[in-house]
Enquirer: 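Attaching a single structure in structure tokens format; questions to follow.
In what follows, every chain begins at residue 1, and chains take the letters A, B, ... in the order their sequences are listed. Quantities reported herein were computed from a predicted structural model and do not represent experimental measurements. What's counted below: heavy atoms across the whole structure, side chains too, no hydrogens, waters or symmetry copies.
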There are 2 protein chains.
Amino acid sequence: MLKKPARPNFGQIAPDVICLGVWTGDEMVLPRAARTQRRTRIQEEKEEQILEAALEVFSANGFRGSTIDQIADVAGMSKPNLLYYFRTKEAMHRALIDRVLDTWLDPLRAFDAEGNPVAEIRSYIRRKLEMARDFPRESRLFANEVLQGAPHIVGELKGPLKQLVDEKAEVIRSWAKAGKIAKCDPYHLIFAIWSTTQHYADFDVQVRAVLGQENAGEGRFEDAARFLERLFVDGLQVRE
Amino acid sequence: MLKKPARPNFGQIAPDVICLGVWTGDEMVLPRAARTQRRTRIQEEKEEQILEAALEVFSANGFRGSTIDQIADVAGMSKPNLLYYFRTKEAMHRALIDRVLDTWLDPLRAFDAEGNPVAEIRSYIRRKLEMARDFPRESRLFANEVLQGAPHIVGELKGPLKQLVDEKAEVIRSWAKAGKIAKCDPYHLIFAIWSTTQHYADFDVQVRAVLGQENAGEGRFEDAARFLERLFVDGLQVRE
DNA sequence: TGATAATTTGACCGGTTGGTAAACATTACA
DNA sequence: TGTAATGTTTACCAACCGGTCAAATTATCA
């Protein structure tokens, strides 16, 4: 028992469709969004809501382990409604990765060649630990992805990420050459800082289980910071 | 069009069913397995095959991301056949965890209170790195599990694992007290060794992507070993 | 060697999952 | 304020997924 729409209509045009018009007589009529080139208030809000929910779910279950229904639930909207904004599960995941990757790499970008080496390394560790504490979901999102072979982000890893690391590795190498820190492989140094700090986000359950109820409070980040700063600063000091 | 079995039969008795008999007249007849108390050659072989395949699949996709069909495919047998040996996906996963966890903790167990502290730490790092190189799937199996909240192994983490770590932490603390190594939080030291070494298994794709084609050969484990030994040994040296 | 037990398979089932179609409801601009 | 355009919902579908069943096949041992 189908009912014709009362008036002609462009029909369902998802927010991510760039342009789609209809011929009326001999001129093409574009939908409003295509004319104004602007996203609706509702679009901004809903996409925000969805990405927040997607982060929650993807980071906890990985891509394949997450379902659109779960995300819709967390976002507080119906599944088809969610699919109106992101047409596939992949699209949501991609949008999320794109949004998060940049801020995730910020601490490394802040690594300053002109600064004091020891102070730079120390503050890099501290910043990474703060991110592990304040944005564990973002960390787990990437961890899940990389762990399962990074099917959706290999490009980013081999491109922008490698480039950035290459650049910073050169800085570290120059510090070592100038005798400001011990000679060491800069790449493995960066890996070591990444792994030790992100460990507190990615393996949080394990860390808390091992520390036990009494020591698993927020203080663990301070303890970790103290230990890691000491380890890296002393471990990288020049020795003869 | 059902056909009666030509002769009486115990029917489907999965290998993990302990005992199940039938009354024939007035005496109970037990199946052969119950009488001989022995597992078949075929059972040993097939369970081995299945667990190997399960390791491959679970470690690459996580629990929820893996399907029984995938595992059956890799194991080279039909799904119902696989389910004849392990009655549920959970049972397979559990069997796998149980088998792997022990060997996974071996290096930490080998940590010797009587040994030379620096040598012990150095050899622990080396052993963990060797495991990351030789058994990356085992590492990823746990990483996937822990990352997603360790739903299936919380018990192991809070029980046997915590206990073992507590014990070894005490050893480290005594070394520090005796002035053999720098004073430091033993738990965070262990976390640091775990994370830096397992990083090369769990984040392998990322490591290889960042190192680039030329440096991503097997030599990366030697480079990592050199760097990490140096870092921890120097970082833990007593200073005044 | 033949009966009995162990193993394997194809067909199937109910629930879930990613995604669609079309009707309905709301918003925003001319 | 009316109407074109945007946003939401209900009902649905086909593929997938974990698991079962009964029959067929193969191995074992008295």
Enquirer: Identify the heavy atoms of Arg109(A) and Lys168(A) that sit nearest to each other, and give their distance.
Expert: O-NZ, 3.2 Å

Enquirer: To the nearest Å, how far apart are Gln49(A) CD and dG7(D) P?
Expert: 13 Å

Enquirer: Using whole Å, what does the distance between atom P of nucleotide dA28(C) and atom CD of Glu44(A) come to?
Expert: 13 Å

Enquirer: Provide a list of protein-nucleic acid N or O atom pairs under 3.5 angstrom, restricted to nucleotides 13-20 of chain C.
Expert:
from	atom 1	to	atom 2	distance (Å)
dG18(C)	OP1	Ser66(A)	O	3.2
dG18(C)	OP1	Lys89(A)	NZ	3.0
dG18(C)	OP2	Ile68(A)	N	2.9
dG18(C)	N7	Lys79(A)	NZ	3.0
dG19(C)	OP2	Lys89(A)	N	2.9
dG19(C)	O6	Lys79(A)	NZ	3.4

Enquirer: Under the side chain to side chain donor-acceptor pair (under 3.5 Å) definition, can you give me all pairs with a residue in residues 207-217 of chain A, not counting sequence neighbours?
Expert: Asp204(A)-Arg208(A)

Enquirer: Provide, to the nearest angstrom, the distance between the CD1 atom belonging to Ile71(B) and the C1' atom belonging to dG18(D).
Expert: 11 Å

Enquirer: Once you apply a heavy-atom cut-off of 4.0 Å, does Phe86(B) come out as touching a base, just sugar-phosphate, or nothing?
Expert: nothing

Enquirer: For dT8(C), does either OP1 or OP2 sit under 4.0 Å from a side-chain N or O belonging to Tyr84(B)?
Expert: no

Enquirer: Is there a side-chain contact between Ser78(B) and the phosphate of dT9(C), meaning an N or O under 4.0 Å from OP1 or OP2?
Expert: yes

Enquirer: Do the charged groups of Arg126(B) and Glu222(B) touch, with an N to O distance under 4.0 Å?
Expert: yes

Enquirer: Measure from CE on Met77(A) to C1' on dA25(C) and round the result to the nearest Å.
Expert: 16 Å

Enquirer: Does a side-chain N or O from Asn81(A) land closer than 4.0 Å to OP1 or OP2 of dG7(D), or not?
Expert: no

Enquirer: Looking only at non-hydrogen atoms, find the nearest pair between Leu51(A) and Ala95(A) and report the distance.
Expert: CD2-CB, 4.1 Å

Enquirer: Pick from Phe142(B), Phe58(B), Phe63(B): which one makes a ring-ring contact (aromatic ring centres under 6.0 Å, His included) with His152(B)?
Expert: Phe63(B)

Enquirer: Scan residues 73-82 of chain B for pairs that pass salt bridge (Lys or Arg N to Asp or Glu O under 4.0 Å), counting only residues two or more places apart or in two chains.
Expert: Asp69(B)-Lys79(B)

